[in-house]
There are 2 protein chains.
Amino acid sequence: MDARDARAERHTRDGIIDTALSLLEQTGLPDLSMRRLATALGVQPSALYWHFENKQELLAAVADRIVAAAQPVAPGSRDEEVAAVAHALRDALLAHRDGAETVLSTQALGLGSDAAHLRLAAALVGDASPADIVPEDVQADARVILQFILGHASLVQQRIQAARFGAFPAGEADIAESTADDFARGLRMLLAGLPAAAPPDAAGTHDASRAADQPMRSATPLRQ
Amino acid sequence: MDARDARAERHTRDGIIDTALSLLEQTGLPDLSMRRLATALGVQPSALYWHFENKQELLAAVADRIVAAAQPVAPGSRDEEVAAVAHALRDALLAHRDGAETVLSTQALGLGSDAAHLRLAAALVGDASPADIVPEDVQADARVILQFILGHASLVQQRIQAARFGAFPAGEADIAESTADDFARGLRMLLAGLPAAAPPDAAGTHDASRAADQPMRSATPLRQ
DNA sequence: ACCTGAACACCGTTCAAGT
DNA sequence: ACCTGAACACCGTTCAAGT
């Protein structure tokens, strides 16, 4: 098992990320060390530092891969699409062991891509006409929803992990089910706080209810 | 600085937690090791294992201390009280370096106290009469709000930390301000998703709108 | 009751050197 | 261009032994 993958072939960033992701699945984030990863690749630990600056950068790449796997969603109303994107992101995070925590810490450190934020923002805009959009509000709403998704998924996932080791009273299935209810509830609550969506094709009926609340700031999209 | 605290006096759980908390402030969570903590206490690393089972248990105690420092809130309407408790919890998390992450991972592992959850649940109940309360809903709403708080605070805090090291474009103050807006927004959105609060003193006007949506389950309070 | 001393099995990262 | 070998400065945890 040690050097079984140790062909004479050299490694590539993508290949290393592949192995890191499957190692994450087997061992979990706390045991995903550079040394173990090197062993799995049949290589010395120091070899990894030719491909990645450091462990954080490697984990950021893993996080991006996890988020990129989030499924596309069917078209629908604004709220339907936001909910669908949110569920797709949640599913992607929960699809890999410690996926949520990996993505959360990467996002927090300002590493990794904006993919999750961008998908939420796109769904929030929907098919509204440009006149109905306050870019600052869209960005902020996307950040808020993403913060909930990551907080929720991190808690849920570590709870599942704890249950697997018998530290928790409930079974894995119970947790997965009851927390899915929590997620739907949180999403429902958050969507209730959005302004009413502008009716499609009703160009010119500018909903200014939100813009009036907030001082105008730069429309530069902040990375999440 | 090494053995300066090393009186002949022996240590206690509380004293160790004190030192751990101030070490957290100085070094951050990644550098808060058992060995460094032992050095700060003027003791061998192994001595810590007489007081705590392991590092997780120690961190759980630190997390509890952080949450316990959340300020009490003035009485008010249900939404006012929930918002006040949420802000108090956020402030407590942000008051210590890496506080949010410490509490998040402790909560996730099922360690630490329920204090944060309980305070939110109490605010959600407010002064409603028992007939107006669906315990399952209160617990779920508290979990959802806590998930948002922890997700938000973890992201914000690690972002502040990254800014301190120059990894982020914005200054610390800008981040603190703009993220406070995000938090208020998220809270507003979540509160909009709650059912209308029962008017105080209107006993008997049972709002069943929420209870009808959800199957009745056990009213046992789940630990968050 | 509380701690020392020594050990075990690990870490991330750097850097000269090899091919 | 990609990797080895060796080293540096660390980890968490256990356990016999001391006082």
Side-chain angles (χ1 to χ4, degrees), chain A residues 1-20 23-24 26-63 98 101-102 105-106 109 111 161 165 167, chain B residues 1-20 23-24 26-63 98 101-102 105-106 109 111 161 165 167:
Chain A
M1 187 168 305
D2 283 332
R4 207 174 294 167
D5 307 79
R7 307 294 132 74
E9 289 162 24
R10 335 241 60 188
H11 292 292
T12 156
R13 268 181 82 99
D14 269 5
I16 294 171
I17 297 167
D18 283 343
T19 306
L23 199 58
L24 181 65
Q26 294 164 38
T27 67
L29 189 57
D31 291 331
L32 176 51
S33 67
M34 296 298 263
R35 296 176 108 101
R36 263 140 118 105
L37 178 55
T39 301
L41 289 163
V43 109
Q44 292 297 119
S46 49
L48 296 172
Y49 290 84
W50 194 90
H51 298 277
F52 299 90
E53 272 285 325
N54 49 42
K55 190 180 181 181
Q56 301 265 32
E57 193 192 295
L58 194 160
L59 288 179
V62 170
D98 290 339
E101 206 191 333
T102 304
S105 66
T106 294
L109 291 170
L111 305 173
Q161 211 50 42
F165 278 72
Chain B
M1 186 169 304
D2 284 330
R4 207 174 296 166
D5 306 79
R7 309 294 133 75
E9 289 162 23
R10 331 230 75 178
H11 292 290
T12 156
R13 266 182 82 101
D14 269 6
I16 294 171
I17 297 168
D18 283 341
T19 305
L23 200 57
L24 181 65
Q26 295 164 38
T27 67
L29 188 56
D31 290 332
L32 176 51
S33 66
M34 297 298 264
R35 296 176 108 101
R36 263 141 119 103
L37 178 55
T39 300
L41 290 163
V43 108
Q44 293 296 119
S46 49
L48 296 173
Y49 291 85
W50 193 90
H51 298 277
F52 299 91
E53 273 286 323
N54 50 44
K55 191 180 181 182
Q56 300 265 32
E57 193 192 295
L58 194 160
L59 288 179
V62 170
D98 290 339
E101 206 191 333
T102 304
S105 67
T106 294
L109 291 169
L111 305 173
Q161 211 49 42
F165 278 73

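Numbered from 1 within each chain, the chains take letters A, B, ... in sequence-line order.
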Enquirer: Going from OH on B:Y49 to CE on B:M34, what distance comes out if it is rounded to the nearest 0.5 angstrom?
Expert: 4.0 Å
Enquirer: Expressed as a whole number of Å, how far does the C1' atom of C:dA17 sit from that of D:dC2?
Expert: 13 Å
Enquirer: Can you name the residues that form a side chain to side chain contact (heavy atoms under 4.5 Å, CB included) with A:S46, not counting sequence neighbours?
Expert: A:Q44
Enquirer: Examine C:dC3: is either OP1 or OP2 under 4.0 Å from a nitrogen or oxygen in the side chain of B:H51? Give yes or no.
Expert: yes
Enquirer: Between D:dC8 and C:dC11, how far apart are the two C1' atoms, rounded to whole Å?
Expert: 12 Å
Enquirer: What residues form a side chain to side chain contact (heavy atoms under 4.5 Å, CB included) with B:L59, not counting sequence neighbours?
Expert: B:L29, B:L32, B:K55
Enquirer: So which atom in A:I17 and which in A:A61 form the shortest heavy-atom distance, rounded to 0.1 Å?
Expert: CD1-CB, 3.5 Å
Enquirer: B:E57: what forms a side-chain hydrogen bond (donor to acceptor under 3.5 Å, both in side chains) with it, not counting sequence neighbours?
Expert: B:R13
Enquirer: Rounded to whole angstrom units, what separation is found between the CH2 atom of A:W50 and the C1' atom of D:dA1?
Expert: 5 Å
Enquirer: Send over the distance from B:D31 CG to C:dC11 P, rounded to a whole Å.
Expert: 18 Å
Enquirer: Find the distance A:L48:CG to C:dC11:P and express it as a whole number of Å.
Expert: 12 Å
Enquirer: Report the distance from atom CG of B:L24 to atom OG1 of B:T102, rounding to the nearest 0.5 Å.
Expert: 5.0 Å
Enquirer: Would you write the dot-bracket representation of DNA chain C, where each base gets (, ), [, ], | or . depending on whether it forms a Watson-Crick or G-U pair under 3.5 Å and with which partner?
Expert: ||.|||||...|||||.||
Enquirer: In whole angstroms, how far is the P atom of D:dC11 from the CG atom of B:L23?
Expert: 11 Å
Enquirer: Find the distance B:Q44:CD to C:dA6:P and express it as a whole number of Å.
Expert: 9 Å
Enquirer: Reading nucleotides 12-19 of chain D from the 5' end, what letters show protein touch, with B for base, S for backbone sugar-phosphate only, - for no heavy atom under 4.0 Å?
Expert: BBBB----
Enquirer: List the residues meeting side-chain hydrogen bond (donor to acceptor under 3.5 Å, both in side chains) with B:D14, not counting sequence neighbours, and say none if there are none.
Expert: none
Enquirer: Considering only residues two or more places apart or on different chains, which pairs with a residue in residues 27-41 of chain B satisfy salt bridge (Lys or Arg N to Asp or Glu O under 4.0 Å)?
Expert: none
Enquirer: The criterion is side chain to side chain contact (heavy atoms under 4.5 Å, CB included); which residues satisfy it with B:S105, sequence neighbours excluded?
Expert: A:Q158
